[in-house]
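What follows is one structure encoded as structure tokens, with my remarks underneath.
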Amino acid sequence: MNLNPRSTVKLARIVRYGAVALITAWSLLALASYAVLAAISGWMASLNAADGWIAWSGQLLREVGGPVIGILWLGGTLVIIGAMAVIRRFAA
């Protein structure tokens, strides 16, 4: 794309601020998801073992919920950074 230098600098600044805003929003969403998952898994795990699959599901969520959310957060962050790098490359 052929932009004048002033437009290129402005676009790069917008992309930088947009990347920071997207990563911040994505991180807050991941933290909120983790908090909700912890609350739900705690409630489900506190049920009696006689409740069957509900108590088992709560224990499973407690064990694997954090790492799954961490992996999804990392993947989303890398996608955001990659998209911003591509946008910056096309704008240059």
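These figures come from a predicted structure and were not determined experimentally.
From Arg62, atom CZ reaches atom CG of Leu37 across 10.0 Å, with rounding to the nearest 0.5 Å. Within the model, atoms CD1 of Ile69 and CG of Leu74 stand 14.0 Å from one another, a figure rounded to the nearest 0.5 Å. Atom CD1 of residue Ile81 and atom CD1 of residue Ile23 lie 4.5 Å apart, to the nearest 0.5 angstrom. Here CZ of Arg89 is found 13.5 Å from CD1 of Ile87. Values are rounded to the nearest 0.5 Å. Residue Leu22 holds its CG atom at 12.0 Å from CG of Leu29, rounded to the nearest 0.5 Å.
When hydrophobic clusters are built by joining Ile, Leu, Val, Met, Phe, Trp and Tyr residues whose side-chain heavy atoms come closer than 4.5 Å, directly or via intermediates, Tyr34 is grouped together with Trp43. One hydrophobic cluster, built from ILVMFWY side chains closer than 4.5 Å, cannot hold both Leu28 and Ile71; they sit in different ones. Cluster annotation: Ile80 and Leu78 are assigned to the same hydrophobic cluster (Ile/Leu/Val/Met/Phe/Trp/Tyr, side-chain heavy-atom contacts under 4.5 Å, transitive). There is no path of hydrophobic side-chain contacts, each under 4.5 Å, that joins Met84 to Val20.
Nearest approach of Trp73 to Trp26, heavy atoms of both residues: O-NE1, 2.9 Å.
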